[in-house]
Amino acid sequence: MSKKQVKHESYQDSASVVRYLEEVIDGLNKGHIILTSGSDVVDLEPNGLIQMQINATQRKSRHQLSVKLQWMPKDAAQQEDSEEPLTIKTD
Amino acid sequence: MELPNTITENLRFLTIEICNQLNRACACITASDTQEAAAALDKYDYIVNLSTIVQNHCVEELSRSNKKPIIVAMGCVFNMAACFNRIGSAAVKMIHHFQDYPGAELVAGKKTARYFLTLIDAIKLLDTGFVNKSRDVGHNICDRADAMVIELDDLAASEQLRESHTNDIEGVLTIAEKNAKSKYFLVFMLEQLAHELLVLGEAVLSLENAEFMTIRQLRALNSTLPAVANEAFFGGLAIEKIGETRSGCFISGITEDKNRGLNKALDHDAADNNHTAKNPAVNNGTANNSSEVNAENNTVHSSDQDEQVEPQPDNADSPEYLAIFKEGKKEKLKVEKKQFEAWNELFPGMAPKVIAYKKQGKTAALLVEYVKGKTFEQLLFAANQDALKIAVTNICQTLDKVWVQTQREAEPEQAASFMKQLNKRLRAVTRIHPEYDASAVQIGRQTIPSLRQLIERCNQLEDTIRPTFSVFTHGDFNIDNIIYDSNDGRPRFIDLHRSKYGDYLQDISVFMVSNFRVQVVDPDIRNNISRVLQSLYQFVCQFAEKQQDLTMQARLALGLARSYITSTRFVLDDGFANEMFFRGRYLMEKIVETPEPLTHFVLPQEILRG
């Protein structure tokens, strides 16, 4: 499956950032969030183990906080489960 | 200037060889001389080699010097060599076409040999030591080229040659049709050669003037310059190119230069011209500002508008000119001349005085007073906070005076229509930054609108916040278009061709963003920019309050958004372009989010940070 992507970058004030992040939180709670841009649709189902990476930096001219969430999609996880378990044989 | 021997010698060989080549081509076409045709094809490589040798010498000279006269001289010689190369190539193309053409001489007609002779005679002028008489040689070559172009054009018209070429004839061509097409080809190539001749003449004149100029520009200068070349100047005049606008307007400063003497290079008829117009600024040898190109200004302004601040002496060592010469499209310069006069009528001395104006065909030339002082951009870079503050205060006081005195009830078409302006330039923006044209983004139930959606909505809202009054605006109030003389503390305006009655926020928003978009990262200068933006904002708030302009804040936001976003079309650096684009978008999003009426809108103060 080719990579699907929705990307956006802009200036926002805190109130707007909260508004958009609340949608993300809502999606996490429900286990489902859709992001679209034109014909690009990214349909996400956060589940299972979610790898969370928080990175905060403080420089003289710019402060930054990034939160990165990664997980394995359900179908990929199921596919993995159905594979033969790893066996180690000794003679 | 004296050219190095290696260049002069090879140029001479090249000149002789080109003349021989044209002779051979002429013999081949007009007399079906096959021997000459073979010789010409054989000699073409030699011409290419000679051109390359000359060009290589030019590059070597350039690598040894970065002085302007050398750069111009080598550029001219390089162009001449390239020109000879193209003439040689054109001769070969013509020979190939006519080599085995039955009855070529009949197609060519009797006049063809004369055209070749004109070309050869003109090029031979270069062989007679043009370095010492380049003024006469350059003009002579250009005159001959012009005459030849006109004659060939007439010939093509009278014999309907262009039609014969463009007619889509199907099937096998008759002999007559074939001949007509060949004749068109011949005339077309001769026209090309005449254009090359013109380029040669221009190179010779540029060499003499130590400045790249086309013959059109030089003739225009020649027709206006007698206005300043009066008895006050005993020395020569020199020209210094200041720049060219995006609309193709050529701008140069006229200086006195005893060493170079532009008047030497100018046409002899200048001496016969009885024009004795006097210009005080010229006669007392002062000059005004030079940077009339693509200006955008920024000023800093103090919040206290009650008093004229005492100016501080200006120790600037910026170049001074006797006058500023502009050459370009007639319609633009005609308007600019009128605007200079309109401003000076309303506010004497606010704009440069018009010294002379001449039109010719679709182009015109304007000679104006040089305004002494620094552009606002130069003040910004000087990073002298106090001087900048004084300048901003004085500029704001001047604006206040202009706006109050010229205030009148607004006509509907005088609204700035910032969003329509943005729409008009959107293609130019997205050509450079296609990512700005991205679709809206939906995150769950929340939508981040696309730029086009924002423009559309803001455009609707803008119709509800039209200004109630108009003022006489500059129209392109960039930091380069304000000249400030710290000696008298007086700002003066240049590049006024867009002046009209309109929203004062047009000028202020352009001015603010032109400050911001200065591409410097020096923290002191960025701080200066912040102060300028804040001062301008305070000033405009005070003005709006006095005038009870209730929608100023929202209009200013749209004006700033327009200028921030349209400015990105000139910025290739993604980081800086994004900074401006994001600011523009942010302002528009804030406008859209604000509940109506927009009289409640307050400009987000974070936008005033430089």
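In the text below, chain A, chain B and the rest are named by the order of the sequence lines, each starting its count at 1. Worth knowing before you read on, the calculation uses all heavy atoms, side chains too, and leaves out hydrogens, waters and symmetry mates.
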Distance (rounded to the nearest 0.5 Å) between A:Y11 OH and B:L587 CG:
11.5 Å
By a 4.5 Å heavy-atom criterion (distance strictly below it), what part of B:T447 contacts chain A: side chain, backbone, both, or neither?
backbone
Select one option (side chain, backbone, both, neither) describing which atoms of B:A440 are under 4.5 Å from chain A's heavy atoms.
backbone
For the residue pair A:G38 and B:S439, what are the closest heavy atoms and their distance?
N-CB, 3.3 Å
Hey, which of A:I34, A:T36, A:V6 is the one that makes side-chain contact (heavy atoms from CB on, under 4.5 Å) with B:Q442?
A:T36
Please classify the contact of A:E9 with chain B as side chain, backbone, both or neither, using a heavy-atom distance under 4.5 Å.
both
Flag the one option from A:H8, A:E23, A:K7 with the top tally of heavy-atom pairs under 4.5 Å to chain B.
A:E23
With a strict 4.5 Å heavy-atom criterion, list every residue of residues 603-610 of chain B that contacts chain A, or say none.
none
Atom CD of B:Q548: over 12 foreign heavy atoms under 6.0 Å:
no
Looking at chain B, which one of A:V42, A:D40, A:D26, A:V24 has the largest number of heavy-atom pairs inside 4.5 Å, strictly under?
A:D26
Residue from B:E589, B:R585, B:Q446, B:E435 scoring the most non-hydrogen pairs under 4.5 Å with chain A is B:Q446
Evaluate B:E593 against A:S16 for side-chain contact (heavy atoms from CB on, under 4.5 Å), listing each step before the verdict.
CA-CA 10 Å; B:E593 286 168 10; A:S16 301; 4.0 Å; yes
Here the gap from A:E22 atom CD to B:R445 atom CZ, rounded to the nearest 0.5 Å, amounts to 9.5 Å
With rounding to the nearest 0.5 angstrom, report the CG to CD1 distance, A:L21 to B:I443.
8.5 Å
On a heavy-atom basis, which atom in B:Y586 and which in A:D13 lie closest, and how many Å separate them?
OH-CB, 3.4 Å
